[in-house]
Amino acid sequence: QNNMGWQFINGRPIMMSRSGWTPQIPTDLQLSVITGGVRLTWSSAERDYTEIWRSIGGGTYTLITVVAAGIYTYDDTISGGSVDYKIRGGNHYEYSSFSNIYGIPLSILFTTNGATAIEFELQGTTGATASVIYWGDGSSTNATLNNAIIKYTKTVSAGVKYITVTNAASYKGVRLGYDNISNCEGNISAFNSCTNLELLGIYPSEGQWTGSINGINKGLITLYLDTLAGNTISGDVTPFTSLETLKTNSPLTGNCSNTIPLKILSLGTSVGIAITCNITLLVNIIEIDSYAPNSWIGGDLTNHLVFKHLCVGATPNEFYGDIATCPNWEYLDNYGDSYIHGDISGLIHIYRFLSYNCSNAFTGSLANLTELGMFSVMNDLSTITKPARLNNNTKVGYLQHDNWNFSAAEITTLAADVLASKDIAKTSGNAERTINFSTNGSSTPTGQGATDITTLRAYRSPSNNVAYSLWTILTN
C-alpha cells in the first residue's frame, strides 16, 4: 500500500476508500412525518454513498434511491399501507451492513373535499403505554393506549392527507371513521403489524380499500368492513376462529360454521361475498343479517335459545325450524323461500316481524305481546289469529297482515287501542303509528270523527292489485 490510497493485491492496484476497506454502517435511522410522505434521517459517517431500501406491506425490500456522501436525509412519498426502511453505506468496492430497520406500521392515504373530521379510535393491549398519531397536515397527537377504546378526532383541511401511527403492535382495537372524504385509499395489510389486534373497524363514507384480511391477527374478535360496494378487500374468514362479530360489505369468503363464538353475522349486498355457514353449529349465534346474493347461510333454528334476530333477503339463504322454541325472538325480516314456522303465542317482544312471499307457516296470536314494533305478513302461509283488541299496555308501532279482514267497527276499536298504547321507537324515524287493515276494498269505516283520532285516511294500493286499504293513524 502507498500513501496515495492504493493497495496492490496479486500485482493489481486496488483503490481503498477514505475511511478504510469497509464503509461505515449508517446508524440511528429515524423517520418523521412530513407533508406528502416521510423524512428519513441517519447519522453522519464516512462512506461514498448511501443506499435507501424500502418494503411496502411487509413485502420484499427494493432499492429506491442512492444519495451521495455528506447527505444524511431523504424525503420519500408514500401512498398508504405499512412501510419499512433500511439503509447501508457503500464505496466503489463494498457495502456496509444494513442499518436498523425503521418503519411506519400504519399509513392511510385519502383526499378530503373540504374541512373533514377524522375519527381514530384506539384500544391498547395490557401494559401498552403510548402511541403517536400523525394526521398528515404537520400535526400529531400523543395517544394514550389502555384497555378501553379512546376516540381521537381531528379536523383537517381539503387536499391529500394521510394518517400514520406508531407502536402498532400495542393495538388491541382500531376503528377508523371519516366524514366528507373521497378517494380514500388504504391497504388492509397495513394492519398486519397490529399483531395483537382483536377489533378492527373501517367506516369510510367514500373510498377504496384494497388487500386481503388473511394477514390480520387470527385472534380477531370483531371485524367491521363497512366499505363501499366495488372495493377489493378480500380474504378467507375460516381461520378466524375467535370471531364473535363479523359485519362486512366486502367480498370475503370462507365457512363460518366452526366459528363457535360467533354471535353476530351481518353480510351486506355486495355480490362478491361468498361466506357459507350452518347456523345449527353456531350455538352462540344471536343475530344474522344476510342480503348478499352469493352467500349461503342456512341451518335449523329449532331450540336456538339465544337467537333473537334474523334478516335475510337474498337466495340461496335457507333456514328452517320452529320459532316457537326460540323464546328470545325479537326480529325477523324474511324475504326468501325459507321454511321457518312455529306458534308465536309465547312471544313477548316483536320489535320487527316482516315475512314476505315465503313458505312460512306461523300460527298463534299476538295476545301476549307487551311490545309490538312492526308486524307485517304478506303473501305467505301464515295463519296468525286476527287480534280483536290490543292491550293498552302494549307498545305498538306497525301492524299488517294481508289475510286479516276487519269490519269498520273493528278498525275503529283497534285504532283507539293503538292510540292508547305506550310509545315505541318509531320504525321509520317519524311520528306515525300505522296499521294496514285488509278490508277487501270495502268502504271507509266509521269512527273517523272520534276525538282520540287525529287523522284516519284510506288509500288504495298503487298497483290496484292488492285488495286492502291502508289506514294510517297519526298521533297528536
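Treat the numbers as computed from the prediction; the structure is a model and nothing was measured. Starting from 1, each residue takes its place in the sequence as its number.
- In this structure, the side chain of Ser99 engages the main chain of Ile87 through a donor-acceptor pair within 3.5 Å.
- Counting heavy atoms from C-beta outward, Val174 and Leu122 have side chains that approach closer than 4.5 Å.
- Note that Lys308 lies outside the cation-pi zone of Tyr331, set by a 6.0 Å cut-off to the ring centre and a 45° limit from the axis.
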### Task
Determine, step by step, whether Tyr351 and Trp329 satisfy the side chain to side chain contact (heavy atoms under 4.5 Å, CB included) criterion, reporting the C-alpha distance in whole Å, the side-chain angles of both residues, the deciding distance to 0.1 Å, and the verdict.
CA-CA 9 Å; Tyr351 298 136; Trp329 201 278; over 6 Å; no
### Task
Test Ser43 against Thr27 for side chain to side chain donor-acceptor pair (under 3.5 Å), laying out the working first.
CA-CA 5 Å; Ser43 63; Thr27 58; 2.7 Å; yes
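- Ring geometry, Phe362 versus Phe353: the interplanar angle exceeds 60°, so the pair is classed perpendicular (tilted spans 30 to 60°).
- Smallest separation of non-hydrogen atoms from Ile273 and Ala292: CB-CB, 3.8 Å.
- The CD1 atom of Ile213 lies 11.0 Å from the CG atom of Asn192; values are rounded to the nearest 0.5 Å.
- For the residue pair Asn328 and His349, no side-chain donor N or O sits within less than 3.5 Å of a side-chain acceptor on the partner.
- Electrostatic pairing of Asp84 and Arg54 does not count as a salt bridge here, judged by no charged N lying under 4.0 Å from a carboxylate O.
- No side-chain N or O of Asn196 forms a donor-acceptor pair with one of Glu198 less than 3.5 Å apart.
- Contact between Gly321 and Asp300 at its shortest, heavy atoms only, is CA-OD1, 3.2 Å.
- Scanning both residues, Gly254 and Asp236, for their nearest heavy atoms gives CA-OD1, 3.1 Å.
- Considering CG of Leu200 and CZ of Arg175, their distance stands at 11.0 Å, rounded to 0.5 Å.
- Pairing each heavy atom of Ile275 with each of Cys256, the nearest pair is CG2-SG, 3.6 Å.
- Two rings, from Tyr335 and Tyr356, have their centers less than 6.0 Å apart.
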### Stepwise side chain to side chain contact (heavy atoms under 4.5 Å, CB included) test for Leu225 and Ile202
CA-CA 5 Å; Leu225 295 178; Ile202 300 175; 4.0 Å; yes
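- When side chains are defined from C-beta on, Leu246 counts as touching Val237, because their heavy atoms get closer than 4.5 Å.
- Interatomic distance, Ser55 OG to Lys86 NZ, rounded to the nearest 0.5 Å: 8.5 Å.
- Looking at heavy atoms from C-beta onward, Ile288 lies in side-chain contact with Phe319 at the 4.5 angstrom threshold.
- Taking every heavy atom of both residues into account, Leu282 and Ser257 meet most closely at CD2-O, 3.4 Å.
- For the pair Tyr49 and Glu51, the minimum side-chain heavy-atom distance is below 4.5 Å.
- For the residue pair Thr325 and Thr302, no side-chain donor N or O sits within less than 3.5 Å of a side-chain acceptor on the partner.
- Side-chain N or O atoms of Thr253 include none that pairs as donor or acceptor with a backbone N or O of Ala274 at under 3.5 Å.
- Aromatic ring centres of Trp53 and Tyr85 lie farther apart than the 6.0 Å criterion allows.
- Checked by atom type and distance alone, the side chain of Asn360 pairs as donor or acceptor with a backbone atom of Ile340 at under 3.5 Å.
- Inter-residue side-chain proximity for Ile150 and Phe120 is flagged as unmet; no heavy-atom pair is nearer than 4.5 Å.
- In this structure, the side chains of Val66 and Ile52 stay at 4.5 Å or more apart for every pair of heavy atoms.
- Contact of the Ile260 side chain with the Asn284 side chain is registered, since non-hydrogen atoms from C-beta on lie closer than 4.5 Å.
- Here the side chain of His309 pairs no donor or acceptor atom with the backbone of Leu332 at under 3.5 angstrom.
- Panel note: side chain His304, backbone Ile279; a donor-acceptor pair is recorded below 3.5 Å.
- A donor-acceptor pair shorter than 3.5 Å can be found between the side chains of Asp380 and Ser355.
- In this structure a side-chain-to-backbone donor-acceptor pair under 3.5 Å is present from Thr73 to Leu40.
- Not one N or O on the side chain of Thr141 forms a donor-acceptor pair closer than 3.5 Å with the backbone of Ala143.
- At distances below 3.5 Å, not a single donor-acceptor pair connects side-chain atoms of Thr248 with backbone N or O atoms of Leu267.
- Side-chain atoms of Asn317 do not come within 3.5 Å of backbone N or O of Gly298 as any donor-acceptor pair.
- Rounded to the nearest 0.5 Å, atoms CG (Leu197) and OH (Tyr171) are 10.5 Å apart.
- Using a 4.5 Å cut-off on side-chain heavy atoms (C-beta onward), Leu301 and Leu310 make contact.
- Considering OG of Ser290 and CD1 of Ile297, their distance stands at 5.0 Å, rounded to 0.5 Å.
- In this structure, OH on Tyr95 lies 15.5 Å from CD1 on Ile25, to the nearest 0.5 angstrom.
- Side-chain N or O atoms of Gln123 include one that pairs as donor or acceptor with a backbone N or O of Asn147 at under 3.5 Å.
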### Task
Take Asp333 and Tyr291, measure what side chain to side chain contact (heavy atoms under 4.5 Å, CB included) needs, and give me the verdict at the end.
CA-CA 11 Å; Asp333 289 359; Tyr291 299 97; 3.9 Å; yes
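- Atom NZ of Lys263 has 12 or fewer neighbouring heavy atoms from other residues, nucleotides or ligands inside a 6.0 Å radius.
- A cation-pi geometry, defined here as NZ or CZ lying under 6.0 Å from the six-membered ring centre and within 45° of its normal, does not hold between Lys247 and Tyr224.
- Across all their heavy atoms, Asn249 and Gly268 have their closest contact at OD1-CA, 3.3 Å.
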### Message
Evaluate Asn255 against Asn258 for side chain to side chain contact (heavy atoms under 4.5 Å, CB included), listing each step before the verdict.
### Response
CA-CA 7 Å; Asn255 191 329; Asn258 293 323; over 6 Å; no
